[in-house]
There are 2 protein chains.
Amino acid sequence: MRDDLPIDQIIEAECVDAMQALPDACVDLVFADPPYNLQLGGELHRPDNSRVNAVDAEWDQIGNHDDYDLFTCAWLEEAHRLLKPDGGIWVIGTYHNIFRLGTFLQDMGFWIMNDVIWRKSNPMPNFKGTRFTNAHETLIWAAKTKDAKPTFNYAAMKALNDGVQMRSDWTLPICSGGERLKLADGKKAHPTQKPESLLHRVLLATTNPGDLVLDPFFGSGTTGAAAKRLGRHFIGIERDRDYAAIARERIASISPATREVLTVTQSKRAEPRIPFGNLVERGMVKPGDTLYCPRGERTARVRADGTLISGRSTGSIHKVGAEIQKAPSCNGWTFWHVRVRGGFQPLDTLRAQIRETMTV
Amino acid sequence: MRDDLPIDQIIEAECVDAMQALPDACVDLVFADPPYNLQLGGELHRPDNSRVNAVDAEWDQIGNHDDYDLFTCAWLEEAHRLLKPDGGIWVIGTYHNIFRLGTFLQDMGFWIMNDVIWRKSNPMPNFKGTRFTNAHETLIWAAKTKDAKPTFNYAAMKALNDGVQMRSDWTLPICSGGERLKLADGKKAHPTQKPESLLHRVLLATTNPGDLVLDPFFGSGTTGAAAKRLGRHFIGIERDRDYAAIARERIASISPATREVLTVTQSKRAEPRIPFGNLVERGMVKPGDTLYCPRGERTARVRADGTLISGRSTGSIHKVGAEIQKAPSCNGWTFWHVRVRGGFQPLDTLRAQIRETMTV
DNA sequence: TAACCCACTGAATCACAAC
DNA sequence: GGTTGTGATTCAGTGGGTT
């Protein structure tokens with residue numbers, strides 16, 4: 001990681017100013033919880049003229065030029081510049097601002113991966129009875145570009161959800177009780193403190209240990225707290241000195257998890273590749289041996305170079321498997337079986353034996 | 001109600017053309033399920049190699065964001081004109097289009113009342129393990145203007161929800177089984193037929209009996225079906241003759257206002273499943289914490305994704321529990337314990353605490 | 001009848017490394 | 001940058017048929 005960055009620090013400044021001082025393509029992830037009740041006026045910082053013009057062009061399509069859109073465009077443009085090519089961004093909001101955030105993300109070339117619903121298990125009721133209880137907030141997860149491959153720890157998310165795919169709706173409680181930061185007078189320290197559980201899931205899903213996360217609206221520092229706990233690094237930007245001080249104190253008291261427990265469930269795609277030919281070379285399967293389908297109704301014979309032959313079809317275990325099933329594709333490792341005493345065993349178990357010897 | 005309107009009829013025309021032929025301020029509610037403008041890649045296959053029947057209809061291919069925005073603007077402008085002063089509008093979409101819909105609604109002076117999440121109890125999974133399961137769609141409910149007082153049947157919603165306020169997230173199944181309209185060849189009649197339970201809730205919440213509902217993208221006629229059942233009137237606009245014919249036949253076979261519908265509407269209320277990972281995210285158990293056997297003679301450590309590690313064994317609380325006991329299975333909730341002052345407490349009691357907060 | 005197994009399906013921006 | 005080969009990847013539910 002670059003050593004000229006303010007790693008694990010909180011910058012006290014307007015977010016666009018601070019972002020402009022950082023170099024291109026330096027962060028792995030941006031997490032942004034922007035305010036939507038801005039007290040806009042003369043105090044709002046505007047970027048330099050060239051950038052305003054570039055921004056203007058973007059949302060002539062939208063036809064609305066109010067200060068909130070100008071501000072949103074300015075920090076999103078900077079976020080785009082600061083992200084590495086395969087970086088990702090999360091934004092969170094409510095119906096007051098999330099539609100504008102989503103539209104701008106799309107217009108700027110970000111590529112939406114998911115919108116995610118934070119379904120609050122204990123929302124504030126609607127006292128007037130004039131609407132539905134506002135029981136959720138919306139997050140958008142987007143890649144820097146359409147072709148980017150942002151980090152997604154699919155297997156870890158599946159493990160976290162008891163073995164079934166993590167869905168786009170997350171039921172989590174709001175931040176309350178002991179987690180909620182309080183001032184000396186007992187009042188809450190920040191009006192919109194997010195629960196660490198939310199950031200835990202975001203960071204575990206879309207970053208790796210050691211990654212750098214930028215939060216341009218740092219607030220009470222939940223992003224930094226979760227990042228430190230999970231062995232990620234952060235840069236926080238916060239214009240309010242009191243909030244920054246609270247966040248610093250909060251993060252200082254956190255001790256990170258060890259490397260061992262940060263090693264999460266890995267996808268099979270990450271495992272080393274074993275050519276089928278290795279099994280032949282090692283004598284686990286011999287040239288001339290017969291391989292069987294799961295139900296044994298079709299067979300193929302192994303050739304010395306690790307290809308199969310079955311009727312007119314020859315080629316890799318995958319190609320032959322696909323052709324005899326007339327399927328678009330086939331995983332030969334799980335499709336083909338060898339005969340063992342009294343039954344069949346998939347090639348995959350033989351591959352696992354080789355992998356076992358590799359890791360030791 | 002005006003007698004020059006095509007009440008309870010389906011107009012076969014392009015939606016903007018048909019809307020322009022209607023007079024100002026004549027409808028109480030607009031419900032719109034516009035094309036989502038999906039941008040799909042090639043073919044998609046399930047892990048069992050079957051092909052996913054994608055939404056590749058010509059009507060969904062609007063083009064780029066600019067074309068989609070022009071189209072959206074045109075019909076939303078007409079919708080605004082057709083609404084009575086205290087009228088309301090619902091739109092539904094996914095992340096592909098919902099942010100643009102929301103932004104335009106706001107820019108045109110509509111006033112958002114709620115965004116509502118349709119949380120699908122049985123969504124299609126993500127077959128390639130590349131993203132979170134797309135398990136919801138988003139609806140926006142808006143008033144014609146900031147000062148409008150659109151109909152909201154608060155008490156009816158509360159009653160429908162077992163006596164507690166209706167939240168902004170609705171768990172309902174997708175349209176399948178006998179409800180799904182089929183052609184003579186057994187194929188689905190419309191690729192995106194919405195469940196009647198969804199429209200039931202929308203109409204019950206934001207219209208009164210006798211009200212007039214306009215649906216400019218009528219499709220298979222779910223809005224008309226729900227309206228007729230609930231004693232509301234509708235005007236449908238659909239440019240596809242086949243869809244219009246299907247909808248006419250469907251609605252003709254419906255008899256209004258039976259109790260039966262209410263039972264259809266109730267979603268199944270099951271005891272919520274709590275993944276062990278939730279305890280980690282919520283900080284009830286921390287990455288690196290040690291878990292103990294009932295008698296404490298064996299231990300495991302918790303990883304950040306909610307899996308355990310004990311010696312060479314890693315995986316879910318159930319899997320690791322079974323492996324270290326050399327048992328075929330294990331209920332990790334009762335097997336593993338956390339240390340509390342002076343003793344041990346099973347994970348099950350922590351899970352019970354979460355259930356407590358969710359069900360109230 | 002009940003239990004069980006198998007086939008099929010749903011608004012989806014759905015792989016990736018090596019050559 | 002395009003092409004090719006390897007091989008990873010699914011949940012809840014309906015409905016039909018068999019045991």
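Lettering of chains follows the sequences in order, A, B, ..., and the numbering in each one begins at 1.
For the pair Trp333(A) CH2 and dA8(D) C1', the computed distance is 14 Å after rounding to whole Å. Rounded to a whole Å, the CD atom of Gln266(A) is 12 Å from the P atom of dT9(D). Straight-line distance from the CZ atom of Phe152(A) to the P atom of dA15(C): 13 Å, rounded to whole Å. A straight line from NE2 of His45(B) to P of dA15(C) spans 12 Å, rounded to a whole angstrom. The interatomic distance linking Lys268(A) (NZ) with dT9(D) (C1') rounds to 9 Å, in whole Å. In this structure, the CE atom of Met157(A) is 18 Å from the C1' atom of dT10(D), given to the nearest Å. Rounded to whole Å, atom P of dG5(D) lies 11 Å from atom CD of Glu323(A). Across the protein-nucleic acid pair, Asp147(A) atom CG and dC16(C) atom P stand 12 Å apart, rounded to whole Å.
Across all strands shown, Thr133(B) has no heavy atoms under 4.0 Å from either base or sugar-phosphate atoms. Contact annotation for Lys146(A): no contact, since no heavy-atom pair falls under 4.0 Å across all strands. As judged by a 4.0 angstrom heavy-atom cut-off over every strand, Gly93(B) is placed among residues making no nucleic acid contact. Backbone-only engagement by Ser316(A) is indicated by non-hydrogen atom pairs under 4.0 Å involving sugar-phosphate atoms exclusively.
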Worksheet item: Base, backbone or nothing for each nucleotide of nucleotides 3-14 of chain C, written B, S, -, heavy atoms under 4.0 angstrom, 5' to 3'?
Response: ------BBBBBB
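Only the C1' atoms considered, dT13(C) is 26 Å distant from dG13(D), to the nearest whole Å. When the C1' atom is used for both dA11(C) and dA8(D), the distance is 25 Å, rounded to whole Å. A gap of 24 Å separates the C1' atoms of dT6(D) and dA12(C), to the nearest Å. One P atom belongs to dA18(C), the other to dC14(C), and the distance between them is 23 Å to the nearest Å.
At a threshold of 4.5 Å between non-hydrogen side-chain atoms, the residues Pro287(A) and Val280(A) count as touching. Annotation: side chain of Cys293(A) is not in contact with side chain of His337(A) (no heavy-atom distance under 4.5 Å).
Remark: Thr133(B) engages Gln165(A) in a side-chain hydrogen bond (donor to acceptor under 3.5 Å, both in side chains) (not counting sequence neighbours). Applying the side-chain hydrogen bond (donor to acceptor under 3.5 Å, both in side chains) rule to Trp90(B) yields the partners Thr206(B); only residues at least two apart in sequence or on another chain are considered. For the side-chain hydrogen bond (donor to acceptor under 3.5 Å, both in side chains) test, no residue two or more places apart in sequence or in another chain qualifies with Asn331(A). With sequence neighbours excluded, the residues satisfying side-chain contact (heavy atoms from CB on, under 4.5 Å) with Asp289(A) are Val285(A), Lys286(A), Val302(A). Remark: Thr314(B) engages no residue in a side-chain hydrogen bond (donor to acceptor under 3.5 Å, both in side chains) (not counting sequence neighbours).
Cation-pi geometry between Arg201(B) and Trp170(B) is met: under 6.0 angstrom from the ring centre, within 45 degrees of the axis.
Here His318(A) reaches the OP1 or OP2 of dG7(D): one of its side-chain N or O atoms lies under 4.0 Å away.
When atom types are taken as modelled, the side chain of Ser310(A) and the backbone of Ser313(A) share no donor-acceptor pair closer than 3.5 angstrom.
For dT14(D), the base adopts the anti conformation, since its glycosidic angle falls more than 90 degrees from zero.
Annotation: salt bridge (charged side-chain N to carboxylate O under 4.0 Å, His left out) contacts involving residues 31-49 of chain B, sequence neighbours excluded, comprise Asp33(B)-Lys194(B), Glu43(B)-Arg51(B). Annotation: salt bridge (charged side-chain N to carboxylate O under 4.0 Å, His left out) contacts involving residues 123-132 of chain B, sequence neighbours excluded, are absent. Pairs passing the salt bridge (charged side-chain N to carboxylate O under 4.0 Å, His left out) check and including a residue from residues 323-333 of chain A, sequence neighbours excluded, read Lys319(A)-Glu323(A).
Against DNA chain D, the stretch residues 216-226 of chain B makes no heavy-atom approach under 4.0 Å. A heavy atom lying under 4.0 Å from DNA chain D marks the following residues of residues 272-280 of chain A, by number: Arg273(A), Ile274(A).
The aromatic rings of Tyr292(A) and Phe344(A) lie tilted to each other, with the angle between the two planes from 30° to 60°. The aromatic rings of Phe152(A) and Phe132(B) stand perpendicular to each other, their planes meeting at an angle above 60°, with 30° marking the opposite boundary.
Remark on DNA chain D: of its neighbouring residues Gly163(A) and Arg351(A), the 5'-side contact belongs to Arg351(A), judged by nearest-heavy-atom nucleotide. For the pair Asp348(A) and Arg167(A), both in contact range of DNA chain D, the more 5′-proximal nearest nucleotide belongs to Asp348(A).
The distance from atom CH2 of Trp336(A) to atom CZ of Arg298(A), rounded to the nearest 0.5 Å, is 8.5 Å.
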Practice prompt. Toss me the dot-bracket line for DNA chain D: Watson-Crick and G-U wobble, both under 3.5 Å, 5' to 3', using | for pairs to another strand and [ ] for crossers.
Written response: .|||||....|||||||||
